[in-house]
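Beneath this line is the structure, given in structure tokens, with notes to follow.
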Amino acid sequence: MKRPSRPLQIAIDGPVSAGKGTVARSLAERLGIVYVDTGAMYRSAALLAQSSGIPLEDSSSVVTLLSQARIEIRPPTLEEQDGRLTTVLLNGEDVSWKIRGEAVGLGASIISQHPEVRAILVARQREMVAGQSVVMEGRDITTRVLPDAPFRIFLTASPEVRARRRQQQLRERGIGLSYKKVLADLRRRDEQDSARKADPLRVAHGAWVLDTSDLTIQQVVERIVDKIEKSGLLSGGEEV
Ligand code: DC
């Protein structure tokens with residue numbers, strides 16, 4: 001497989017548990033390029049507020065805290081290969097697993113409604129990818145962060161399929177929640193992400209909608225790679 005010859009941006013959006021993280025990471029590995037999970041940044045902001053005792057609704061205090069915080073996202077080192085897709089450092093502390101809990105996830109959904117919080121994180125996300133090839137995933141990557149990316153993909157699946165996947169993911173981490181509870185939480189997050197005023201989750205004009213309900217992760221990755229190869233944007237690059 002060839003590496004892209006010029007910076008190549010692949011933007012992926014979609015609802016909770018549509019498979020964005022696993023697909024994006026796998027795609028980035030195949031192409032030998034950087035993977036950025038932007039949800040991890042909103043989760044880190046929520047963790048920061050929660051652990052500092054700041055109400056998630058208090059946007060100006062959250063902004064003050066966040067402006068001084070350092071969030072780093074990088075591939076896991078050999079010692080860190082414990083099932084995580086990415087390593088997240090918040091002010092130097094490894095919070096890769098801490099940010100994955102349900103409470104932090106719901107907190108991220110609340111905090112991401114503040115336009116001022118979004119402005120800070122969107123600016124940082126654009127800085128992170130300037131001039132380099134990247135697979136970036138989140139909720140507003142195709143619409144706001146990288147609206148000119150040559151590949152803009154909206155990954156989705158039915159709420160029932162996503163709830164099953166989520167329940168399985170949680171089970172693997174030793175968290176046993178009923179299907180009913182997982183489905184209810186997922187619908188709540190979907191509602192919050194789509195109904196918010198600032199950059200709601202939506203399908204960008206011209207984005208490729210890929211329903212993953214009946215596909216494996218590998219099949220989704222193959223379809224995307226196929227499309228990229230056919231685009232000719234990999235020609236002339238080095239072999240990975
Ligand atoms: O992808 P995730 O579940 O880790 O994201 C956590 C929350 O962060 C999600 O409910 C919405 C928010 N988010 C966002 O508003 N914009 C992004 N680009 C990524 C995540």
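In each ligand, atom 1 is the first atom listed, and ligand 1 is the first ligand listed.
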Exercise for review: From the options Arg139, Arg43, Lys20, select the one whose nearest heavy atom is closest to atom 9 (C) of ligand 1.
Suggested key: Arg139
Part of [X] within contact of ligand 1 (heavy atoms, under 4.0 Å):
X	answer
Met41	neither
Arg189	side chain
Asp193	side chain
Ser112	side chain

Tell me, which protein residue and heavy-atom name are nearest [atom], and how many Å apart are they?
atom	value
atom 19 (C) of ligand 1	Thr38 OG1, 3.5 Å
atom 18 (N) of ligand 1	Asp140 OD1, 2.8 Å
atom 7 (C) of ligand 1	Ala108 CB, 3.6 Å
atom 8 (O) of ligand 1	Tyr42 CB, 3.5 Å
atom 16 (N) of ligand 1	Arg118 NH2, 3.1 Å

Check your understanding: Mind checking whether Val16 has a heavy atom under 4.0 Å from ligand 1?
Key -> no
Exercise for review: Say whether Gln192 and ligand 1 are in contact under the criterion: heavy-atom distance to a ligand atom below 4.0 Å.
Suggested key: no
Are side-chain N/O atoms of [X] and [Y] paired as donor and acceptor at under 3.5 Å?
X	Y	result
Arg25	Thr22	no
Gln125	Thr38	no
Gln169	Arg166	yes
Ser17	Arg165	no

Exercise for review: Identify the heavy atoms of Leu215 and Gln219 that sit nearest to each other, and give their distance.
Suggested key: CA-OE1, 3.3 Å
Check your understanding: Under the salt bridge (Lys or Arg N to Asp or Glu O under 4.0 Å) criterion, do Glu222 and Lys227 qualify, and how do the steps go?
Key -> CA-CA 9 Å; Glu222 289 310 324; Lys227 197 158 183 145; over 6 Å; no
Study note, to complete from the structure: Residues pairing under side-chain hydrogen bond (donor to acceptor under 3.5 Å, both in side chains) where one sits in residues 141-155, two or more places apart or in two chains, turn out to be Asp13-Thr142, Arg144-Asp199
**Study point:** ligand 1 to Arg196 polar contact by distance, N or O atoms, under 3.5 Å
**Key:** yes
**Study point:** Gly39 neighbourhood, listing ligand 1 atoms whose heavy-atom distance to it stays under 4.0 Å
**Key:** 4 (O), 5 (O), 19 (C), 20 (C)
Exercise for review: Using a strict cut-off of 4.0 Å, indicate which atoms of ligand 1 neighbour a heavy atom of Gly138.
Suggested key: 18 (N), 19 (C)
Check your understanding: Looking at residues at least two apart in the chain, or sitting in another chain, which of them share a side chain to side chain contact (heavy atoms under 4.5 Å, CB included) with Ala108?
Key -> Tyr42, Arg43, Ala46
Review point. When rounded to the nearest 0.5 angstrom, what is the spacing between CD1 in Ile10 and CD1 in Ile224?
Key: 7.5 Å
Exercise for review: Check step by step if salt bridge (Lys or Arg N to Asp or Glu O under 4.0 Å) holds for Arg189 and Asp185.
Suggested key: CA-CA 6 Å; Arg189 291 258 304 274; Asp185 280 353; over 6 Å; no
